[in-house]
Each structure stands twice: as C-alpha cells, then as structure tokens.
Amino acid sequence: MIFKAIGTWVVNSEDEMRKLAESFAGFITPGTVIAMIGNLGVGKTFFVKAFCNAVGADTTSSPTFAIVNSYLGSYPIYHFDFYRIKQADELRDVGIEEYLADESAVSFLEWADLFPEVLPKKRLNILFKEIDVSSREVIVEQLG
Ligand SMILES: Nc1ncnc2c1ncn2[C@@H]1O[C@H](COP(=O)(O)OP(=O)(O)O)[C@@H](O)[C@H]1O
Ligand SMILES: [Mg+2]
C-alpha cells in the first residue's frame with residue numbers, strides 16, 4: 001500500500017464523485033482493504049462502481065443482494081456489503097478472511113462499521129457524509 005494522500009474532499013455532483021473515484025484508482029494498489037462508512041444513499045456503491053469502471057472491471061451483472069461480489073479488471077475487486085448481515089459468522093462463513101488476505105486484490109466493504117471485528121488493522125477508511133441532495137463530504141483515513 002503506497003497511498004498516502006489522506007484527506008477530505010467535498011464533491012458537489014455525481015460527476016465529481018466519479019472523478020474522485022477514478023483518481024483514487026490511480027493510487028490504490030492490490031492488497032488494499034477499503035472500509036466504507038456512511039448512511040444509506042450517500043454514495044458508497046456509486047464510488048465502488050466508478051472505481052471498478054476505472055480499472056476496467058464490469059459491475060453491471062452483479063446481484064445487489066449478495067454479501068460479496070467479485071469483479072475482474074486490472075486485478076480482482078471484492079465488494080462486500082454488510083448491510084443485511086446479522087452476525088459476523090455469516091461473513092466468516094463466506095470466507096471474508098481469505099478475501100481480505102488476498103494481496104492480489106482490492107476489497108471494498110460497505111457498512112464496514114457494522115462489524116469492526118472482521119476489519120484488518122491495516123486498511124483505508126472512507127467516510128461519506130451527505131451535505132445536500134447532490135453534495136457529499138468524503139474523508140479518507142489510513143489505519144495501521
Ligand atoms: N455527489 C454524489 N455522489 C454520489 N452519489 C450521488 C451524488 N449525488 C447524488 N447521488 C445519488 O446518491 C445515490 C447514492 O446511492 P448509492 O451509491 O447506492 O448509496 P449507498 O451505497 O451509500 O447506499 C445515487 O442515487 C446517486 O445517484
Ligand atoms: Mg450501497
């Protein structure tokens with residue numbers, strides 16, 4: 001993981017969010033786990049899809065109800081959503097530890113704050129906050 005440019009951004013449109021995700025994609029290297037935190041509708045899935053698009057991964061055929069979706073672009077991307085998970089064992093049963101340990105892949109975890117016990121110490125957090133209908137604050141933190 002070489003990404004150091006942690007900070008805060010305010011984006012005022014979907015297009016700006018897409019551009020932010022694309023610029024992230026230029027810095028993130030395989031082996032990175034990205035924990036995404038923020039309320040429903042704030043743009044977590046939007047960000048993951050824009051990131052995937054930027055690395056040549058097609059996300060269009062993925063079921064929205066899955067615990068984890070895998071996409072293949074320049075490298076594999078594992079996309080978890082903890083929203084409907086009731087207990088951490090459901091995540092362990094699908095093999096989350098193996099997914100997150102895959103140094104050849106990038107993992108995104110939506111609603112990561114619901115199960116902090118499964119998160120690796122070394123990760124990025126991306127916190128999303130809604131400012132208004134089209135504006136978002138995006139805070140990136142590097143942990144571990
Ligand atoms: N600046 C913005 N960035 C991201 N999404 C935005 C923005 N402005 C409006 N939206 C809308 O907000 C919604 C975000 O939905 P989604 O990404 O599914 O949220 P989440 O995964 O956080 O629940 C989408 O309908 C998107 O069109
Ligand atoms: Mg989502």
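Atoms within a ligand are numbered from 1 in the order they appear, just like the ligands themselves.
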**Study point:** Value rounded to 0.5 Å, distance of CZ in Arg123 from CG in Asn125
**Key:** 4.5 Å
Review point. Is the distance from the Mg ion (ligand 2) to some N, O or S atom of Thr45 under 2.8 Å?
Key: yes
Study note, to complete from the structure: On a heavy-atom basis, the closest approach of Cys52 and Tyr71 is SG-CD1, 3.5 Å
**Study point:** Is_contact(atom 6 (C) of ligand 1), protein non-hydrogen, under 4.0 Å
**Key:** yes
Review point. Has Asn39 got any heavy atom lying under 4.0 angstrom from an atom of ligand 1?
Key: yes
Practice item. Please indicate, with yes or no, if any protein heavy atom is found under 4.0 Å from atom 25 (O) of ligand 1? Key: no
Point to revise | Asn39 CG: over 12 foreign heavy atoms closer than 6.0 Å | key: no
Point to revise | ligand 1 N/O within reach of Asn12 N/O, cut-off under 3.5 Å | key: no
Review point. Looking at Phe108 versus Tyr78, is the centre-to-centre ring distance below 6.0 Å?
Key: no
Check your understanding: Looking only at side chains, do Ser13 and Asp15 share a donor and an acceptor under 3.5 Å apart?
Key -> no
Check your understanding: Is the distance from the Mg ion (ligand 2) to the nearest N/O/S atom of Asp81 under 2.8 Å?
Key -> no
Check your understanding: Looking at the rings of Phe128 and Trp9, which for Trp means the six-membered one, are their centres under 6.0 Å apart?
Key -> no
Check your understanding: To the nearest 0.5 Å, what is the distance between OG1 (Thr45) and CE (Met36)?
Key -> 8.0 Å
Check your understanding: Would you call Val133 a ligand 1 contact, heavy-atom distance under 4.0 Å?
Key -> yes
Exercise for review: Please indicate whether any nitrogen or oxygen in Leu40 is less than 3.5 Å from any nitrogen or oxygen in ligand 1.
Suggested key: no
Practice item. Run the contact test for Gly38 against ligand 1 with a 4.0 Å cut-off on heavy atoms, strictly below, and give the result. Key: no
